[in-house]
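Model, not experiment: these values are computed from the prediction.
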Amino acid sequence: MKSTCYFSYCWDNSTEIMEYLKKEVEKKSGGKVQVIFDKKSFMCSEDFIKREKEIISCDSVVVFFSPEYKKIIDKGDITRGVYREYQLIKSKLKKEEDSILEVLIKGTLKTAVTEDFSSKIAVDLSKGNVIIKAKNGKKVVNTMYRTEMTNLVSTIISKTFSASRRKDYDFKSKEEMYESLFCDTKSNGKLPKECMFKTNAYTSIMSQRCTFIIGRKGSGKTTFF
């Protein structure tokens with residue numbers, strides 16, 4: 001099953017950056033991450049309001065901030081999809097803050113970023129043209145942004161995979177969490193192997209640097225020493 005990442009942006013802005021990131025994320029992840037990008041992922045006949053709610057079930061969200069984006073949010077324009085998306089993102093922020101990545105594509109922190117994210121911008125791509133046209137006519141990443149874009153692609157993939165893995169051990173209640181973590185040694189498959197702390201003894205045994213000698217009393221275990 002693919003992990004999913006939702007792109008939230010304002011339709012008043014150019015989508016060149018988003019289109020590039022979608023292509024690279026899906027390519028570099030080996031097809032294991034699917035980017036939900038409405039202009040590319042939604043069909044014209046679909047119910048956009050219904051599809052926007054996919055934000056809740058998506059593993060991660062990338063928010064592309066701009067003055068146009070902030071204006072719609074501050075105005076509270078419920079007719080705009082980006083405003084409806086933002087309300088869902090805020091609810092996700094309270095529970096899954098680590099699954100949201102903030103990118104500034106235009107303007108400044110003051111003019112483009114909403115109050116909820118004023119101190120959370122992860123990447124600033126607002127200082128110039130990120131996507132430019134090469135001599136052969138193809139659109140490429142501006143050399144001054146190449147490293148940042150490469151790192152951003154890796155970060156999106158990493159955050160999406162991490163958020164997806166966390167869902168593997170979501171618990172329905174505090175009682176279930178307590179039982180799985182501290183009482184039930186089997187944990188009913190709720191506790192991934194990655195959560196286990198590998199002690200020196202465990203590592204030594206698994207690498208066969210040392211072994212257990214098991215036997216009943218008087219079977220001669222001591223003779224090995």
J.: Please check this pair: side chain of Asp59 against backbone of Thr4, looking for a donor-acceptor N/O pair closer than 3.5 Å.
T.: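 Indeed, once roles are kept as given, a pair shorter than 3.5 Å links the two residues.
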J.: Give the intermediate values and the outcome of side-chain contact (heavy atoms from CB on, under 4.5 Å) for residues Arg146 and Thr143.
T.: CA-CA 5 Å; Arg146 196 166 292 166; Thr143 52; 3.2 Å; yes
J.: Under a 4.5 Å side-chain heavy-atom rule over Ile, Leu, Val, Met, Phe, Trp and Tyr, are Leu109 and Leu93 clustered together?
T.: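 Shared cluster, yes.
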J.: Would you check, one step at a time, whether the test salt bridge (Lys or Arg N to Asp or Glu O under 4.0 Å) holds for Lys23 with Glu19?
T.: CA-CA 6 Å; Lys23 179 182 176 182; Glu19 289 173 16; over 6 Å; no
J.: Does the pair Arg80 and Lys75 meet the rule for a side-chain contact (heavy atoms from CB on, under 4.5 Å), with working shown?
T.: CA-CA 10 Å; Arg80 298 295 298 268; Lys75 187 179 178 181; over 6 Å; no
J.: Would you check if the side chain of Lys92 reaches a backbone N or O of Ile100 as a donor-acceptor pair within less than 3.5 Å?
T.: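 Side chain of Lys92 to backbone of Ile100, a donor-acceptor pair under 3.5 Å: no, none is there.
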J.: Does the plane of the ring in Phe117 sit parallel, tilted or perpendicular to the ring in Phe65? Use 30° and 60° as the thresholds.
T.: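 Rings of Phe117 and Phe65: tilted, as their planes differ by 30° to 60°.
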J.: Quick check: do Leu101 and Val61 have side-chain heavy atoms less than 4.5 Å from each other?
T.: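 They are not in side-chain contact.
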J.: Is there a donor-acceptor pair under 3.5 Å between the side chain of Lys133 and the backbone N or O of Lys138?
T.: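 It does not hold such a pair.
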J.: Are the side chains of Ile89 and Val63 in contact, using a 4.5 Å heavy-atom criterion?
T.: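 Contact flag for Val63/Ile89 side chains = yes.
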J.: Of the non-hydrogen atoms in Ile78 and Arg84, which two are nearest, and what is the gap between them?
T.: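 Taking every non-hydrogen atom into account, O-NH1, 3.0 Å.
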J.: Rounded to the nearest 0.5 Å, what separates atom OG in Ser60 from atom CD1 in Ile156?
T.: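 Between Ser60 OG and Ile156 CD1, I get 7.5 Å after rounding to 0.5 Å.
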J.: Within this structure, what is the CG-OH distance for the pair Leu88 and Tyr83, rounded to the nearest 0.5 Å?
T.: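 Separation between the atoms: 11.0 Å.
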J.: Check the side chains of Tyr69 and Asp12 for a donor-acceptor pair under 3.5 angstrom, ignoring hydrogens and angles.
T.: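 Absent: no donor and acceptor within the cut-off.
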J.: Hey, which of Phe7, Tyr6, Trp11, Phe37 is the one that makes ring pair (Phe, Tyr, Trp, His ring centres under 6.0 Å) with Phe64?
T.: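 Among Phe7, Tyr6, Trp11, Phe37, the one meeting ring pair (Phe, Tyr, Trp, His ring centres under 6.0 Å) with Phe64 is Phe7.
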J.: Using side-chain heavy atoms (C-beta onward) and a distance below 4.5 Å, is Lys28 in contact with Ile157?
T.: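 Touching, per the 4.5 Å side-chain cut-off.
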J.: Among all residues two or more places apart in sequence or in another chain, which pass the salt bridge (charged side-chain N to carboxylate O under 4.0 Å, His left out) test with Lys70?
T.: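 Lys70 satisfies salt bridge (charged side-chain N to carboxylate O under 4.0 Å, His left out) with Asp74 only.
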J.: Which heavy atom of Met18 sits nearest a heavy atom of Ile105, and at what distance?
T.: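 Residues Met18 and Ile105, closest heavy atoms: CE-CD1, 3.9 Å.
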J.: Would you mind reporting whether Met149 and Leu125 have side-chain heavy atoms less than 4.5 Å apart?
T.: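 Counting from C-beta outward, Leu125 and Met149 do come under 4.5 Å.
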J.: Under a 3.5 Å cutoff, is there a donor and acceptor pairing between the side chains of Ser8 and Glu85?
T.: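 Indeed, the side chains of Ser8 and Glu85 share at least one donor-acceptor pair under 3.5 Å.
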J.: Does Val35 offer a backbone N or O that forms a donor-acceptor pair with the side chain of Glu26 under 3.5 Å?
T.: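 At least one qualifying donor-acceptor pair exists.
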J.: Search all heavy atoms of Phe161 against all heavy atoms of Ser29 and return the closest pair with its distance.
T.: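 So the minimum-distance heavy-atom pair works out to CZ-CB, 4.4 Å.
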J.: Over all heavy atoms of both residues, which pair between Lys106 and Asn13 is shortest? Give the atoms and the distance, please.
T.: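 Heavy atoms only, the tightest pair is CD-ND2, 4.1 Å.
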J.: I'd like to know if the side chain of Thr108 and the backbone of Thr111 have a donor-acceptor N/O pair within less than 3.5 Å.
T.: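 Indeed, once roles are kept as given, a pair shorter than 3.5 Å links the two residues.
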J.: Partners of Asp77 by side chain to side chain donor-acceptor pair (under 3.5 Å), sequence neighbours excluded?
T.: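 Per chain and number, Asp77 pairs via side chain to side chain donor-acceptor pair (under 3.5 Å) with Thr79.
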J.: Say you draw a straight line from OG1 of Thr15 to CG of Leu21; how long is it, rounded to the nearest 0.5 Å?
T.: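 One finds 11.0 Å between OG1 of Thr15 and CG of Leu21.
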J.: Walk me through it: do Leu104 and Val123 pass the test side-chain contact (heavy atoms from CB on, under 4.5 Å)?
T.: CA-CA 6 Å; Leu104 180 63; Val123 183; over 6 Å; no
J.: Would you compute the distance between atom CG of Asn129 and atom CE of Met144 and round it to the nearest 0.5 angstrom?
T.: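 With rounding to 0.5 Å, CG (Asn129) is 9.0 Å from CE (Met144).
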J.: Drop me the distance from Asp116's CG to Lys94's NZ, to the nearest 0.5 angstrom.
T.: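 If I round to the nearest 0.5 Å, the distance is 9.0 Å.
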J.: Give me the atom names and distance for the closest heavy-atom approach of Cys10 to Glu68.
T.: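 Looking at all heavy atoms of both residues, the closest pair is SG-CB, 3.8 Å.
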J.: Looking just at side-chain N and O atoms, do Tyr9 and Ser66 make a donor-acceptor pair shorter than 3.5 Å?
T.: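 There is no such pair between these side chains.
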J.: For a quick test of reading the model, state the closest non-hydrogen atom pair linking Ser99 to Ala163 and the distance between them.
T.: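 Shortest heavy-atom contact: CB-CB, 4.0 Å.
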J.: Are Ser158 and Thr155 close enough that a side-chain donor and a side-chain acceptor fall under 3.5 Å?
T.: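 Not at all, the side chains of Ser158 and Thr155 share no donor-acceptor pair under 3.5 Å.
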J.: Can you measure from NZ (Lys2) to OG1 (Thr160) and round to the nearest 0.5 angstrom?
T.: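 It is 13.0 Å, given to the nearest 0.5 Å.
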J.: side-chain contact (heavy atoms from CB on, under 4.5 Å), that's the test. Do Val62 and Val103 meet it? Break it down for me.
T.: CA-CA 7 Å; Val62 182; Val103 180; 3.8 Å; yes
J.: Any link between Leu152 and Tyr20 through a network of hydrophobic side chains (Ile, Leu, Val, Met, Phe, Trp, Tyr) touching at under 4.5 Å?
T.: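 Both belong to a single hydrophobic cluster.
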J.: Taking salt bridge (charged side-chain N to carboxylate O under 4.0 Å, His left out) as the test, write out the residues that go with Glu16, two or more places apart.
T.: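 Glu16 satisfies salt bridge (charged side-chain N to carboxylate O under 4.0 Å, His left out) with Lys139 only.
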